[in-house]
Amino acid sequence: MTGTVVVVGSANVDLVVDVPRHPGPGETILGGNLRRTPGGKGANQAVAAARAGGADTWFLGALGRDEAADLLLASLTGAGVHTDLVARSAEATGTALIWVTDDGENAIIVAPGANSEVSVDAVAARRLAVADVVLAQLEIPLETVVAAARARRDGARLVLNAAPSRDLPAQLWAEVDILVVNEHEARDLAGRDGSPAQLATALLERVPAVVVTLGGDGALVAERGSEHQSVTAPRVTAVDTTGAGDTFCGVLAAALADGASLAGAARLAAAAGALAVTRPGAQDAVPTATETAHLAREHA
Ligand code: ATP
C-alpha cells in the first residue's frame, strides 16, 4: 500500500424486502423475507477503497450503539477499513428501508439517525491532514464535508461524489478537485440538459476534473486542458446494480492515492463497478483487488 484515503460519509443498515408491487396509501401488503445488509454510501465506498488494495483506508462516520452498528463495524473491519474515526452516537444507526418489486424497481426511505452527527473532531482532522485522497458524498451534513475538505493537506485531493443530488454551497465547490456524478446528478449540478460530454464541459467551469458514470456505458473522464476520455465498461450480466456507483468511487479514490492517473483510476473503477453489478448487495458485492485487476486486464 502506498497511499492513504479517508472516506467521510454515511453508514446505514439496509433493510430489504421483496414485494409483489408498491403498496398504495394506507395499504398493508405481505412481502418476502427481510434481508439486513450493511450499506450507506460512505461505508460502501470505504469498503470498496480498502478492498481495492492500493491504499490504507479510514472511515470517518457515526454509528449508534445498536446491533446495526455491530453489523457495519464487522463489514468495515472485515474489508480492512480502519474504524478508529467512527463516532458512536445516542441516535440509532442510519437505516434504509428498501422494498423491491418483482420487476426490480425499488423504493427507498432513509432514516439518517447517527449520520446527521458526523463531524470533524481533532483526531479526525489529524488523520485528514495526512491523507492523499479525501472521498466524500452528500448523505451527511454539508458543513462536515466542507470541514473535512479544509482539514486536508495541500496537494491532497478532494473527490466528491455528489450523491444524492443536492445544491452545493460555494464553499464546497471551491474545495472540489474531482467531481464524480452519474448523468442525473450531472444534469442537476450543471442546471441544464445535454450529452454527458456537454454536461462535463459545463461542470469543468466550476471544478478541475469531472467523472460522469454512465452505467453499462462506462464513464467519461474530463479534465481542464485535456480532451475528454471515454472509459468503456466491461460487458457483464447485471443481477443487482445496487452499489455500482459506490464501488466505482471507492476504487477510483484508492487508485488515485496509489498514484494512478485519473483515466487509469477510472478504468480500474469501471472494472470493479462491472463486477459489483454481477452480485447482489452493496458492500457484499464489492470485488477484491485481484478480481478487479483481472477483469481490467482482460477488458484492455
Ligand atoms: P448506483 O446509484 O446504482 O450505485 P450510479 O448511478 O451512481 O449507481 P452507475 O453509472 O450506474 O452509477 O455505475 C457506476 C459504474 O459502474 C459505471 O460507470 C460502470 O463503470 C459500472 N457499471 C454500472 N452498471 C454496469 C453494467 N450494467 N455493466 C457494466 N458496468 C457497469
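Every number for a ligand or one of its atoms is a count from 1 in the order of the listing.
In this structure, the protein non-hydrogen atom closest to atom 26 (C) of ligand 1 is G216 CA, 3.5 Å. In this structure, atom 19 (C) of ligand 1 lies nearest to the protein heavy atom G215 O, 3.1 Å. For atom 2 (O) of ligand 1, the nearest non-hydrogen atom of the protein is K41 NZ, 4.6 Å. At the top of the distance list for atom 1 (P) of ligand 1, counting protein heavy atoms only, stands G245 N, 3.9 Å. Among protein heavy atoms, the minimum distance from atom 6 (O) of ligand 1 is reached at N182 ND2, 3.0 Å. Looking at atom 3 (O) of ligand 1, its nearest protein heavy atom turns out to be T241 O, 3.4 Å. Looking only at heavy atoms of the protein, atom 12 (O) of ligand 1 is closest to T213 OG1, 3.4 Å. From the protein, the heavy atom lying nearest to atom 16 (O) of ligand 1 is G273 CA, 3.6 Å.
With ligand atoms numbered from 1 in the order given, ligand 1 contributes 28 (N), 29 (C) to contacts under 4.0 Å with heavy atoms of V236. Distances below 4.0 Å separate heavy atoms of A270 from the following atoms of ligand 1: 20 (O).
Using a 4.0 Å cut-off between charged nitrogen and carboxylate oxygen, R153 and D132 count as a salt-bridge pair. Salt-bridge annotation for E291 and R279: present, with a side-chain N of the basic residue lying under 4.0 Å from a carboxylate O of the acidic one. R35 has a carboxylate O that lies under 4.0 Å from a charged side-chain N of D18, or vice versa, which qualifies the two as a salt bridge. The residues R21 and E27 are annotated as salt-bridged, a charged nitrogen and a carboxylate oxygen being separated by less than 4.0 angstrom.
Of the N or O atoms in T242, none lie within a sub-3.5 Å distance of an N or O in ligand 1. Checked by distance only, ligand 1 and A233 stay at 3.5 Å or farther apart across all their nitrogen or oxygen atoms. Between G218 and ligand 1, at least one pair of N/O atoms sits closer than 3.5 Å. For ligand 1, the polar-atom distance check against A244 finds a nitrogen or oxygen pair separated by under 3.5 Å. The shortest N or O to N or O distance between A219 and ligand 1 is not below 3.5 Å.
At least one heavy atom of G243 sits closer than 4.0 Å to an atom of ligand 1. Taking 4.0 Å as the cut-off, P234 counts as a neighbour of ligand 1 on heavy-atom distance.
Here the options are R187, H228, E183, the test is side-chain contact (heavy atoms from CB on, under 4.5 Å), and the partner is P196; only E183 passes. Evaluated for a side-chain contact (heavy atoms from CB on, under 4.5 Å) with N12, the options T95, T37, I108, V110 yield exactly one hit, V110.
Between atom CZ of residue F59 and atom CG of residue L135 there is a gap of 10.5 Å, rounded to the nearest 0.5 Å. Expressed to the nearest 0.5 Å, how far CG of D56 lies from NE2 of H82 amounts to 3.5 Å.
With a 4.0 Å heavy-atom cut-off, ligand 1 is reached by the backbone of A274 and by its side chain too. Of all the heavy atoms of L214, the ones lying under 4.0 Å from any atom of ligand 1 belong exclusively to the backbone.
D246 and Q45 form a side-chain donor-acceptor contact under 3.5 Å, judged by distance and modelled atom types alone. With no hydrogens or angles considered, a side-chain donor-acceptor pair links E117 and S89 at under 3.5 Å.
Aromatic ring pairs are classed by plane angle as parallel below 30°, tilted from 30° to 60° and perpendicular above 60°; the pair H22 and W99 is perpendicular.
Counting all heavy atoms, side chain and backbone alike, A43 lies closest to A11 at CB-CB, 3.9 Å.
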